[in-house]
Amino acid sequence: MMKLLGALPEGFPIPIVVVQHRSKDSDRLLVQILQDSTPLNVSEVEDKDALIAGMVHVAPANYHILIEAGYLSLTTEEPVRFSRPSIDVMFSSAADTYRSETIGIILTGANEDGSSGLAHIVKRGGRALIQDPKTAEIPIMPIAATLAAPAAEVLPLNRLASRLLELSDENTKVARRTAV
């Protein structure tokens, strides 16, 4: 994740929401580690925070994130695939809210969380990127995602940031055309 965020430029035109599985007792160290790796502003999400372009919004420990039109909500509903926060919950809410403007990315991980949410993004017309399992430290999550979302682009970790930049540029142009 640090390599991906570190390759994105200051002024990146879309918001980023990061969901990482961690202990419910985790402190805010993840935010500091990510901030040290990127020129983008990194913040742990609080309920009803605005969804801000160029900001890295990090899910707090023990809360699901729901993406709504222009803001983020936190919920303590039951864990999904033994996880809270759950990538599936965040991806599904993003896809339902932003449909074809949604870009989901699955990186290394040790369970299947995120695979059905990524498939939902594709179903809603969004884009899906998956770290090539050969470049993943733990390939379980990328493998599950490729099976659930076969239309996704599978790329090595060092290629994900440039592809995200290309897709963000496409989304920005579509948004400008739509707004005119």
Side-chain angles (χ1 to χ4, degrees), residues 1-76 79-80 83-95 97-98 101-111 113-114 117-118 121 126-131 135-138 141-142 145 155-169 171-172 175:
M1 185 179 335
M2 293 180 294
K3 186 177 258 189
L4 172 62
L5 293 176
L8 296 175
E10 189 173 355
F12 184 69
I14 59 177
I16 298 170
V17 180
V18 172
V19 173
Q20 181 167 329
H21 301 149
R22 53 193 173 137
S23 164
K24 65 181 178 181
D25 301 322
S26 293
D27 59 16
R28 294 178 181 240
L29 182 60
L30 176 61
V31 171
Q32 188 57 52
I33 290 169
L34 295 178
Q35 186 62 75
D36 290 346
S37 71
T38 181
L40 304 173
N41 288 324
V42 179
S43 176
E44 189 168 90
V45 174
E46 293 185 22
D47 194 39
K48 306 301 183 211
D49 274 355
L51 193 56
I52 300 170
M55 170 80 72
V56 178
H57 305 272
V58 178
N62 209 30
Y63 287 92
H64 292 305
I65 287 190
L66 300 175
I67 297 181
E68 305 193 37
Y71 67 96
L72 302 159
S73 295
L74 299 178
T75 177
T76 56
V80 175
S83 300
R84 187 174 59 210
S86 166
I87 302 163
D88 281 330
V89 169
M90 188 270 292
F91 276 174
S92 293
S93 68
T97 301
Y98 288 102
E101 295 177 47
T102 308
I103 302 167
I105 302 174
I106 292 287
L107 301 175
T108 187
N111 74 19
D113 185 30
L118 196 67
I121 288 172
R127 302 299 292 262
L129 303 176
I130 301 170
Q131 178 181 0
T135 68
E137 199 172 310
I138 304 171
M141 196 173 286
L155 300 165
L157 180 59
N158 65 2
R159 179 78 179 92
L160 284 170
S162 61
R163 184 63 180 135
L164 186 56
L165 283 163
E166 293 166 4
L167 292 173
S168 68
D169 189 46
N171 276 6
T172 303

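Here the structure is a predicted model, which is why all the values come from computation and not from measurement.
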Enquirer: Assess, by modelled atom type and distance only, whether the side chains of Ser73 and Glu68 contain a donor and an acceptor separated by less than 3.5 Å.
Expert: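 Note: Ser73 and Glu68 side chains meet the donor-acceptor criterion.
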
Enquirer: Rounded at 0.5 Å granularity, tell me how far OG1 in Thr97 sits from CG in Leu51.
Expert: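 Those atoms lie 9.5 Å apart.
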
Enquirer: Just wondering, do Leu72 and Lys48 contact through their side chains at under 4.5 Å, heavy atoms?
Expert: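 Not touching, per the 4.5 Å side-chain cut-off.
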
Enquirer: Please find the pair of heavy atoms, one from Met55 and one from Asn41, that lie closest to each other, and give the distance.
Expert: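 In this case the closest contact between Met55 and Asn41 is SD-O, 3.3 Å.
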
Enquirer: Looking only at heavy atoms, which two atoms of His21 and Ser83 are closest? And how far apart?
Expert: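 Here His21 and Ser83 meet closest at NE2-OG, 3.3 Å.
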
Enquirer: Answer yes when Glu137 and Lys3 have at least one side-chain N-carboxylate O distance shorter than 4.0 Å, and no when they do not.
Expert: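 Lys3 and Glu137: not salt-bridged.
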
Enquirer: Quick check for you: to the nearest 0.5 Å, what is the distance between His64 atom NE2 and Leu74 atom CG?
Expert: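 The NE2 atom of His64 sits 11.0 Å away from the CG atom of Leu74.
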
Enquirer: Once you round to the nearest 0.5 Å, how far does OG1 of Thr38 lie from CD1 of Ile16?
Expert: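 With rounding to 0.5 Å, OG1 (Thr38) is 7.0 Å from CD1 (Ile16).
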
Enquirer: In Å, rounded to the nearest 0.5 Å, how long is the span from OH of Tyr63 to OG1 of Thr76?
Expert: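 Answer for the OH-OG1 pair, Tyr63 versus Thr76, is 7.0 Å.
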
Enquirer: So how far is it from Leu118 CG to Ile106 CD1, rounded to the nearest 0.5 Å?
Expert: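 One finds 5.5 Å between CG of Leu118 and CD1 of Ile106.
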
Enquirer: Taking atom OH as the centre, does Tyr98 end up with more than 12 heavy-atom neighbours from other residues, nucleotides or ligands that are less than 6.0 angstrom away?
Expert: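 Check passes, neighbour count above 12.
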
Enquirer: Would you say Ser93's side chain and Ile67's backbone share a donor-acceptor pair under 3.5 angstrom?
Expert: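 At least one qualifying donor-acceptor pair exists.
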
Enquirer: Of the non-hydrogen atoms in Asp113 and Ile87, which two are nearest, and what is the gap between them?
Expert: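 That would be OD2-N, 2.7 Å.
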
Enquirer: Given Arg127 and Thr102, is the side chain to side chain contact (heavy atoms under 4.5 Å, CB included) satisfied, shown in steps?
Expert: CA-CA 6 Å; Arg127 302 299 292 262; Thr102 308; over 6 Å; no

Enquirer: How many angstroms lie between CG in Leu4 and CZ in Arg163, if you round to the nearest 0.5 Å?
Expert: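 Output value for this atom pair is 13.5 Å.
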
Enquirer: Quick one about His57 and Asp49 (side-chain donor to acceptor, distance below 3.5 Å, no hydrogens or angles considered), yes or no?
Expert: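 There is no such pair between these side chains.
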
Enquirer: Consider side chain to side chain contact (heavy atoms under 4.5 Å, CB included). Of Val45, Val17, Ile65, Val31, which one does Val58 pass it with?
Expert: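 Only match with Val58 under side chain to side chain contact (heavy atoms under 4.5 Å, CB included): Val31.
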
Enquirer: Identify the heavy atoms of Val42 and Gln35 that sit nearest to each other, and give their distance.
Expert: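 Residues Val42 and Gln35, closest heavy atoms: N-OE1, 2.7 Å.
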
Enquirer: Look only at the side chain of Thr108 and the backbone of Ile138, and say whether a donor-acceptor pair between them is shorter than 3.5 Å.
Expert: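 Flag set: sc Thr108 to bb Ile138 pair under 3.5 Å.
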
Enquirer: Treating Ser168 as the side-chain partner and Pro13 as the backbone partner, does any N or O pair qualify as donor plus acceptor under 3.5 Å?
Expert: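 No: the side chain of Ser168 does not pair with the backbone of Pro13.
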
Enquirer: Tell me the closest heavy-atom pair linking Ser86 and Val80, and the distance in Å.
Expert: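 Where Ser86 meets Val80 most closely, the heavy atoms are OG-CB, 3.5 Å.
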
Enquirer: Please evaluate residues Val89 and Val19 with respect to the criterion side chain to side chain contact (heavy atoms under 4.5 Å, CB included), reporting the C-alpha separation (whole Å), side-chain torsions for both, the decisive distance (0.1 Å), and the verdict.
Expert: CA-CA 10 Å; Val89 169; Val19 173; over 6 Å; no

Enquirer: Using every non-hydrogen atom in the two residues, find where Leu155 and Leu129 come nearest and quote the distance to one decimal.
Expert: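 Taking Leu155 first and Leu129 second, the nearest heavy atoms are CD1-CD2, 4.4 Å.
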
